[in-house]
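This report concerns only the one structure given below.
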Amino acid sequence: MIYNEFLDFYNINSKFLTEVNKLEETLKSDFEKLEKISEFNQYKVLKAFKENNLSTMDFNQATGYGYGDVGRNTTESIFSSIFKSQDALVRPNIVSGTHAISLVLYALLNHGDKVISLNGNPYDTLQQVLGIKGNKKGNLAEKGVVYNCLDLKNNMFDYDNFERIIKSDTKMVMLQRSTGYSQRRAFTINEIEKAIKKIRSLNENVIIFVDNCYGEFTETREPIEVGADIVAGSLIKNLGGGIAITGGYICGKKDLIEYCANTLTAPGIGKDEGLSFGINRSLLQGLYFSPHTTIESIKVGLLFAKAFNKLGYEVIPKVNDPRSDIVQSIQLKSKEKLKLFCKSIQETCSVDANLTPIADDMPGYEDKVIMSSGGFVEGATSELSADGPLREPYTVYLQGGLNYFHGKLALLNVLSQFEKNSLL
């Protein structure tokens, strides 16, 4: 049997390969639909490269203030083309998705401005930015920004109650596309479009901001195409393709991007300065691979969902649910299972596979978090990883998988380890 060498190396019971191969057969039509999304978005990226005349000169490295960093300007034009936005800010000194989102909030909100989240409170790190948890210095509440939220109804937007919370003096409405550490699936573009139409009917001038992390290239449209004013995300998630080493992006209306650029650098400097530190080549090469690797990640998540659903676990999204991010959560209902799941994923990582993840405090989180993450770019959730806070219902959040077969191997190892520890 051609797989014996690998099964023996990872000490995986061959019966699980037979079972997982059967699950794959039932997912063929789902995978074919996903490949169509990948194909469309691949053409979208290539079109953006061509219409913005990407050339080898754009990979040259500038110094100093970055006035001659032509690749930086080309990169931002490419992002504008892909996201159908008036302008974009794509920089290596935007250090994470949380930083990109925070930058938008600080740039566009002033003392007394009212901002509303329509999906309940956002995830832990943003709660500390808003000042509703943690009491961190310099948070938005300290600066006089007024925050409120509308809880979801049955894990969906509570469209009927938008008018109760969105008023004429509301400055910004936030929509979080992905799940975060919640117990819901990601919102689809169609659902976001419906929410935006309702918001506009209540306040046509409000800024609609979509946290797009984990959602890029999972569908054929992005939030700006359905009426969002501004979106933000990380370059070491979907769009990095496992190659971009750092950075974040913001796309949206030109005047809003100007505020963000002036906040990132300084008024009068804006987008005109700031080095790309020679990462344009890796950033754009990652973007080139992103439509493919994003769909590979979804296929990995779908396979895990199929396997654990068959074992009786609650999975979000469900096997037949629409998918609009790369996150697959599984309610393990056990601290021991959460730890073993992450350990088993770590054992099949491409880097640091011999390490054992341990739950610990993480910046921005109230609970200890356990995280398996061993990739070529540290913390890149486009690569195979799994994590979760040590709190009920002990949900593990699986994301990434640049290569479907890597994810398949990880599933085989998780199932084998669960059986060996009598946890299946």
Side-chain angles (χ1 to χ4, degrees), residues 1-28 30-32 34-35 38 237-238 240-243 289-290 292-311 313 315 319 323 326-330 332 337-357 370-388 396-421 423-424:
M1 185 178 180
I2 61 172
Y3 294 100
N4 280 346
E5 175 186 349
F6 311 109
L7 296 176
D8 291 344
F9 179 80
Y10 287 98
N11 198 19
I12 292 169
N13 191 325
S14 61
K15 73 176 184 180
F16 290 115
L17 178 61
T18 302
E19 292 177 10
V20 170
N21 283 342
K22 289 179 180 177
L23 294 180
E24 279 183 321
E25 288 297 316
T26 68
L27 291 171
K28 276 188 173 180
D30 299 277
F31 287 176
E32 288 173 1
L34 290 169
E35 292 295 338
S38 176
K237 294 185 173 66
N238 300 23
I243 296 178
F289 283 112
S290 175
H292 173 71
T293 56
T294 296
I295 295 305
E296 290 288 280
S297 294
I298 296 180
K299 288 163 63 177
V300 170
L302 190 54
L303 185 66
F304 268 82
K306 190 80 172 181
F308 274 84
N309 180 68
K310 185 177 179 181
L311 291 170
Y313 290 86
V315 298
V319 175
R323 291 173 181 260
I326 64 168
V327 181
Q328 178 63 55
S329 67
I330 305 166
L332 297 173
K337 289 182 180 180
L338 175 56
K339 290 180 178 180
L340 182 60
F341 189 104
C342 291
K343 178 177 181 292
S344 303
I345 294 293
Q346 189 71 38
E347 288 171 349
T348 57
C349 282
S350 51
V351 181
D352 292 331
N354 294 319
L355 300 183
T356 298
I370 188 166
M371 178 174 292
S372 59
S373 178
F376 295 98
V377 177
E378 290 184 56
T381 46
S382 56
E383 301 191 55
L384 185 67
S385 63
D387 55 83
V396 68
Y397 296 85
L398 176 82
Q399 57 263 316
L402 300 173
N403 184 300
Y404 169 75
F405 300 116
H406 183 185
K408 180 179 177 180
L409 176 65
L411 174 60
L412 293 172
N413 193 51
V414 170
L415 294 174
S416 287
Q417 291 301 323
F418 269 45
E419 182 184 58
K420 290 172 189 173
N421 288 272
L423 294 175
L424 268 185

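None of the values given here were measured: they were computed from a predicted structure.
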> Between Leu27 and Leu303, is any pair of side-chain heavy atoms under 4.5 Å apart?
Replying inline: yes

>> What I'd like to find out is whether the side chain of Ser350 reaches to under 4.5 Å of the side chain of Phe376, using heavy atoms alone.
In response: yes

>> Quick one, Glu296 and Leu402 - any side-chain contact, counting heavy atoms below 4.5 Å?
In response: no

>> Does the plane of the ring in Phe308 sit parallel, tilted or perpendicular to the ring in Phe418? Use 30° and 60° as the thresholds.
In response: perpendicular

> Using a distance-only test with no angle check, is there a side-chain donor-acceptor pair under 3.5 angstrom linking Gln417 and Asn11?
Replying inline: no

> Has the side chain of Gln328 got a donor or acceptor atom that lies under 3.5 Å from a matching backbone atom of Val300?
Replying inline: no

>> Quick test of your reading of the model: are Glu35 and Lys299 salt-bridged, counting only N-O distances below 4.0 Å?
In response: yes

>> Going by side-chain contact (heavy atoms from CB on, under 4.5 Å), Lys337 matches just one of Val396, Leu332, Ile330. Which one?
In response: Leu332

>> Considering only residues two or more places apart or on different chains, which pairs with a residue in residues 8-21 satisfy salt bridge (charged side-chain N to carboxylate O under 4.0 Å, His left out)?
In response: Lys15-Glu419

> Do we see a donor-acceptor contact under 3.5 Å between the side chains of Asn21 and Lys408?
Replying inline: yes

>> Ignoring hydrogens, what is the shortest heavy-atom contact between Ser372 and Cys342? Give both atom names and the distance.
In response: CB-O, 3.0 Å

> Is a side-chain donor or acceptor of Thr381 paired with a backbone partner of Lys237 at a separation under 3.5 angstrom?
Replying inline: no

> Would a 4.5 Å heavy-atom cut-off, applied to side chains only, mark Leu424 and Leu311 as touching?
Replying inline: yes

> Knowing that exactly one of Leu409, Asn413, Ile12 qualifies, which makes a side-chain contact (heavy atoms from CB on, under 4.5 Å) with Leu7?
Replying inline: Ile12

> Do side-chain atoms of Ser416 reach the backbone of Asn13 as a donor and acceptor pair under 3.5 angstrom?
Replying inline: yes

>> I'd like to check Val20 versus Leu415 (side-chain heavy atoms, cut-off strictly below 4.5 Å). Are they in contact?
In response: yes

> With distance as the sole test, does Ser297 use its side chain to make a donor-acceptor pair with the main-chain N or O of Thr293 at under 3.5 Å?
Replying inline: yes

>> Do Phe304 and Val414 make a side-chain contact, defined as non-hydrogen atoms from C-beta onward lying under 4.5 Å apart?
In response: yes

> With sequence neighbours left out, what residues match Tyr404 under ring-ring contact (aromatic ring centres under 6.0 Å, His included)?
Replying inline: Phe31

> Are Glu347 and Lys343 within salt-bridge range, i.e. N to O under 4.0 Å?
Replying inline: yes

>> For a side chain to side chain contact (heavy atoms under 4.5 Å, CB included) check, start with the C-alpha distance between Phe289 and Ile243, then their side-chain angles and the critical distance, and finish with the verdict.
In response: CA-CA 9 Å; Phe289 283 112; Ile243 296 178; 3.5 Å; yes

